[in-house]
Amino acid sequence: MTEGKTTNFRKYIKWFWGIILGGFLFICLLFLMASWGVFGPLPTFEELENPKSDLATEVISADGKTLGKYYVKANRTPIKYKDLPDNLIKALVSTEDERFYDHSGIDFKGLARAIAKMGAGGGASTITQQLAKNLFTKRASSNKFKRIIQKMMEWVVSVRLERQYTKDEILTMYLNTQDFIFNAVGIRSAARIYFGKEPKDLDIQESAIIVAMLKNPRQFNPYREISKKKSLRRRNVVFSQMKKNGFLTEKQKDSFQKLPLKINFTPESHSDGLATYFRENLKQLLKRWAKNNLKPDGEAYNIYKDGLKVHVTIDSRMQKYAEDALKSHMANLQSFFHKEQKKNKNAPFYDLDKQQIASTIRRAKQNSDRYRQMKAKGASESEIEKAFNTETEMRVFSWKGDRDTVMTPYDSIRYYKHFLRSGLVSIEPQTGHIKAWVGGISHKYFKYDAVEQQKRQVGSTFKPFVYATAINQLKMSPCDKLPNTPYTIPKEKYGMPKDWTPKNSNNKYGGELTLKAALANSTNVVTAQLIDKVSPINVARLAQSAGIKSKIEANPSIALGSVDLSLIEMVSAYSTFANKGLRVSPMMITRIEDKNGTVLEEFVPETKEVLSEESAYVILDLMKGVTQSGSGARLRSGWTRQNKESTGFPYKFTNPIAGKTGTTQNQSDGWFMGIVPNLATGVWTGGEDRATHFYGIGRGQGATMSLPTWALFMQKCYADETLTISQKDFKKPSGELTINLDCSKTSEEKDGKEIDGEDGENEDTDF
């Protein structure tokens, strides 16, 4: 009996070891089959060397800051091991793979523990296996058998990765490929989005939060309200693991675990961050560039996948100052506009009857995303009309922050029509580099770019081109005088259909004015005399040579700004005055690199001589008069009631500034152009529709609507000692000037002989 029991026991032992050995051999066979490609193709050596992954194109400012990225699915920008902080590496290895430095891709000890405990003690995936999954497993199968096969293939890839790369490289690749949600793919995006900093600057508790998310970035997310407590608990587990592995003392662990969960959430969507309007314009330029430039494999570059590094001219400091200045002024200006509209029964419109208002709203409806989407889905006009009259939940813009509300789409159109819009662009005249570009008050809600897309009447800001033509062509002096009396250009001249007799905006006439005083006070009748002396066609030619690309009809009314131009055209042209008469075309990009840092193209601006150096200096001297005693003099007035009401801040500049204000009919557009020796900046402000404006000239003029934004921007630039924005006077041309600038001296009288110009069309408009 005992002998039989012994025999049976031996039989069971053999069976037991046979099953164990068979299972082991079966696993080995599966492993070998996976390595032979029986279950599907494995990555080749070349694919392991260069794993395919979409890389976001990065926009890098002139001062080395990332302004934004272009991507479709993956906001990924890889970094190197040297850019990872030591505390992050220790937290990662302690929590995710304690024996990372001891295994060769597969942790057999961890695997045995996982099998013995049926997964209850945690999984056995190493960091290398997780990297293999990130790189080469598109989606984990829900089928258990298929998932086992995937695991086998991941093991094979893990071993190959360990042979191909160092441990440091594997850690770096793993962190670069991890998805942390909220458009944060890779450690660099995660550090920027969750903490607003580069990975190398992460402190130990921030690194612990990052590592905590690796287990499940949604369940342990520090930003989502529903998962904050889980994130905190998981972060503290990371600290415990760091203590267990000897990277923290008990005291340090306890101290860190008491810290509150703290993040600085900085989203990186296409409508967030700095220079959103600039980046949108840049994207179109890059798409055109990509079509015409091929990679070594013969394919065109893809700005969403190829990880290009685009170095741009924008200075992130100046861009932030520009955005802050515009928002600060516009929020305050809007409060006055809202108060005024409470008394306007047709708010926010003036000058329109009910039928015209209905037509305006209807056009806005047809231009809306909601209308286009419904149309694309085949909705009828009656269905669309019903939808636009039905209340719905929506989030809308306000100067106190986005707010959730319920209103009809028609009401939302009217709501947004109440907001004044504004734009600012700043260019370095000597290089053409665009240093700041603010296309509107909120790119998320107002996509239309007031810098480049929009063209509006420029009003008196066009007058310097008339004066510049007279100075360059006739050698006129700022001290020369012309009568301040009504002036008529007859219809026989320039092909005009009727006589043109502009009026001064203040209806005041009499005596004579120097050119300097006439420009400072934007005197229309003097400008009319000047354009008649030099002819409209010569003025149009000079303006276009200076940088204006839009067509300019050569008729006398352009002297008063009847032409529609973009803000960037105007600032570019004004830059010519500051650059000694030499036009330098505006530049957005300095160079483009591929993902490895190889320079693909460097960019240089086009240049063209437009004015003599002396003429450019004289026009600057003329425009300095605008800020000394004319419509821009409030720049130097310190704390006044007007400054306080329009900006909430005092400003008092003492340095030389050449400038010009502009206000169009009915206060529809307010402009200010301001130049210092190495920076030309222009600001436009107005409604989306010309019928949306202030009722009176007091708050509707360019000096109130746009000049304060310029002033706040320049204050911030001057306060930043890391910038080199000049406060000096404009450099005088070498040699003696042939044109008199000292109006205290008696100048010889000009003979006043008029120079007939070529015929052109006329538009009878007063500004």
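Note: hydrogens, waters and symmetry copies are ignored here, and every other heavy atom, side chains too, is used. When a residue number appears, it is its place in the shown sequence, counting from 1. Keep in mind the model is a prediction, meaning the values are calculated, not measured.
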State the [atom1]-[atom2] distance between [X] and [Y], to the nearest 0.5 angstrom.
X: L131; Y: N176; atom1: CG; atom2: CG; answer: 10.0 Å
X: I204; Y: R235; atom1: CD1; atom2: CZ; answer: 10.5 Å
X: E593; Y: I60; atom1: CD; atom2: CD1; answer: 6.5 Å
X: H329; Y: L424; atom1: NE2; atom2: CG; answer: 11.5 Å
X: M173; Y: L161; atom1: CE; atom2: CG; answer: 6.0 Å
X: I384; Y: K365; atom1: CD1; atom2: NZ; answer: 6.5 Å

Measure from the side-chain N and O atoms of [X] to the backbone N and O of [Y], and report whether any donor-acceptor pair falls under 3.5 Å.
X: Q241; Y: S94; result: yes
X: N245; Y: F247; result: no
X: D201; Y: K197; result: no
X: Q334; Y: H418; result: yes
X: D306; Y: N302; result: yes
X: E198; Y: R192; result: no
X: K435; Y: T313; result: yes
X: Q252; Y: T249; result: yes
X: R591; Y: K309; result: no
X: R218; Y: S227; result: no

Restricting to non-hydrogen atoms, name the atom on [X] and the atom on [Y] that form the minimum distance, rounded to 0.1 Å.
X: L92; Y: I127; answer: CG-CD1, 3.9 Å
X: L308; Y: I303; answer: CD1-CG2, 4.4 Å
X: M242; Y: N87; answer: CE-O, 4.0 Å
X: K327; Y: I441; answer: CE-O, 3.9 Å
X: I209; Y: P222; answer: CG2-CG, 3.7 Å
X: M330; Y: S422; answer: SD-CB, 3.6 Å

Residues [X] and [Y]: side-chain donor-acceptor under 3.5 angstrom:
X: K69; Y: S189; value: yes
X: R188; Y: T66; value: yes
X: Y301; Y: D594; value: no
X: T722; Y: D720; value: yes
X: Q257; Y: N236; value: no

Using the ring of Y71 (Phe, Tyr or Trp, six-membered ring only), decide whether K305 places NZ or CZ under 6.0 Å from its centre and within 45 degrees of its axis.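 Checked: cation-pi criterion not met.
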Between [X] and [Y], is the gap from one ring center to the other below 6.0 Å?
X: F397; Y: F446; result: yes
X: F195; Y: F265; result: no
X: Y223; Y: Y194; result: no

Any salt bridge between R421 and E688, counting N to O under 4.0 Å?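 A salt bridge is present here (some side-chain N lies under 4.0 Å from a carboxylate O).
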Using the rule ring pair (Phe, Tyr, Trp, His ring centres under 6.0 Å), only one of Y415, Y371, F388 pairs with Y410; which is it?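 Filter result, single survivor: F388.
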Could you check whether the rings of H443 and Y277 sit parallel, tilted or perpendicular, using 30° and 60° as the cut-offs?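 Perpendicular.
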Below 4.5 Å, heavy atoms only, C-beta onward: do L214 and Y174 meet side chain to side chain?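 L214 reaches Y174 side chain to side chain.
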